Amino acid sequence: MDQKADIKTLYYEELEALIKKCGLPAFRAGQIFRWFHNNLARDFDDLKNVGKETIGILKENAALYPLTIVRVLESKLDGTKKFAFALHDGNIIESVFMRYKHGNSVCISSQAGCRMGCRFCASTVNGLARNLTASEMLEQVYEIGRITGERISNVVIMGSGEPLDNYDNTIRFIRLISDSEGYNMSRRNITLSTCGLVPQIKKLADEDLPVTLAISLHAPNDELRKKTMPIAQKYSVADIRDACVYYFEKTGRRVTFEYSVIKDLNDGRETIDELARYLLPLHCHLNLISVNPIKERNYARVGDFSLAGIKKTLENKGINVTIRRRLGSDIDSSCGQLRLETMSEIKTQGKEGLS
Ligand code: SF4
């Protein structure tokens, strides 16, 4: 990146400081902030009432990093859309638009790739390319808002990447998208999903940002968890539970756990009983998900019947459970799979060949 300020990553006060440094009147900061974060201006030339001279000064001192759509898959069943976007440096990321009764939701990526190595996840197959900036996270929501012409009311930071491994940019993203002068998304409508980086969970609890915390658990004990999630070598399920208790105490937000059910690995009766014992003291919510098989790994899905059986077993033990609805099942693919496929097609065909 060059030395110009990435203007969409700036908090209001930082933008005001830049505006003053450029010799422009301070009130311009409010106009410009609202143009970008409320009216979703894509380019400097979209800023209609600020004057050509101001736009010229902004172009000299600040930069924008828009996303380019490389590929879109649309579900014929429910309108779910999966986007592969190119970043300015050619990295590819993916985002998903979903319609629910309670509003529209976008699942965003926080990193290009991921270094966490979860074995059921396609995002990590080629490791981490780089962290995304706050503006690259914002633009996934804004660009999808522009394309669909619809308001996005919920964001889940659950696409490629471990958001707490990109801590500062993720916090900046949350603060910016929930700024009352900008997009003004309720922080309660933002879900951050982590594989369980314990120190960062505690740090997040101290940020005074009441977002929903989702933990990718996938196993109720360390031995089993280590088989699919390398992070389990570093943080135990007991450490994660302590961090979740702390998060609840500080934010008052009930933690959600994610459990991808993998046939013959974590779906046995004893394991499910152990899961119930682990979760019961936490007053949490559990999302059961049928694992998405990826061709790079060898995991099988359990049937809907088994999933319903696991749900019933857990509910009988007092756990609050939902089976995650699989929106867009006709374009279904594992998290990170569209990115991998798009990258490999770009490599073989060149970008022009894709649409
Ligand atoms: S599940 Fe999340 S943390 Fe694990 S490899 Fe995939 S993107 Fe990274």
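Read the numbers this way: they start at 1 and go in the same order the structure lists the ligands and their atoms. The figures that follow rest on heavy atoms only: side chains count, while hydrogens, waters and symmetry mates do not. Keep in mind the model is a prediction, meaning the values are calculated, not measured. Note that the numbering runs from 1 along the sequence shown for the chain.
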Enquirer: So does Arg172 pair up with Glu14, basic N to acidic O under 4.0 Å?
Expert: yes
Enquirer: Would you list the protein N, O or S atoms within less than 2.8 Å of atom 6 (Fe) of ligand 1, leaving out water?
Expert: Cys121 SG
Enquirer: Kindly state each residue pair satisfying ring-ring contact (aromatic ring centres under 6.0 Å, His included) with at least one member in residues 200-259, sequence neighbours excluded.
Expert: Phe120-His218
Enquirer: Would you call Glu162 and Arg115 a side-chain contact if the rule is heavy atoms closer than 4.5 Å?
Expert: no
Enquirer: Are Asp208 and Lys250 within salt-bridge range, i.e. N to O under 4.0 Å?
Expert: no
Enquirer: Does Asn104 have any side-chain contact (heavy atoms from CB on, under 4.5 Å) partners at least two apart in sequence or in another chain, and if so, which?
Expert: Phe97, Arg99, Glu150, Ile152
Enquirer: Strictly by ring-ring contact (aromatic ring centres under 6.0 Å, His included), give each pair with a member in residues 170-189 just once, sequence neighbours left out.
Expert: Tyr142-Tyr183
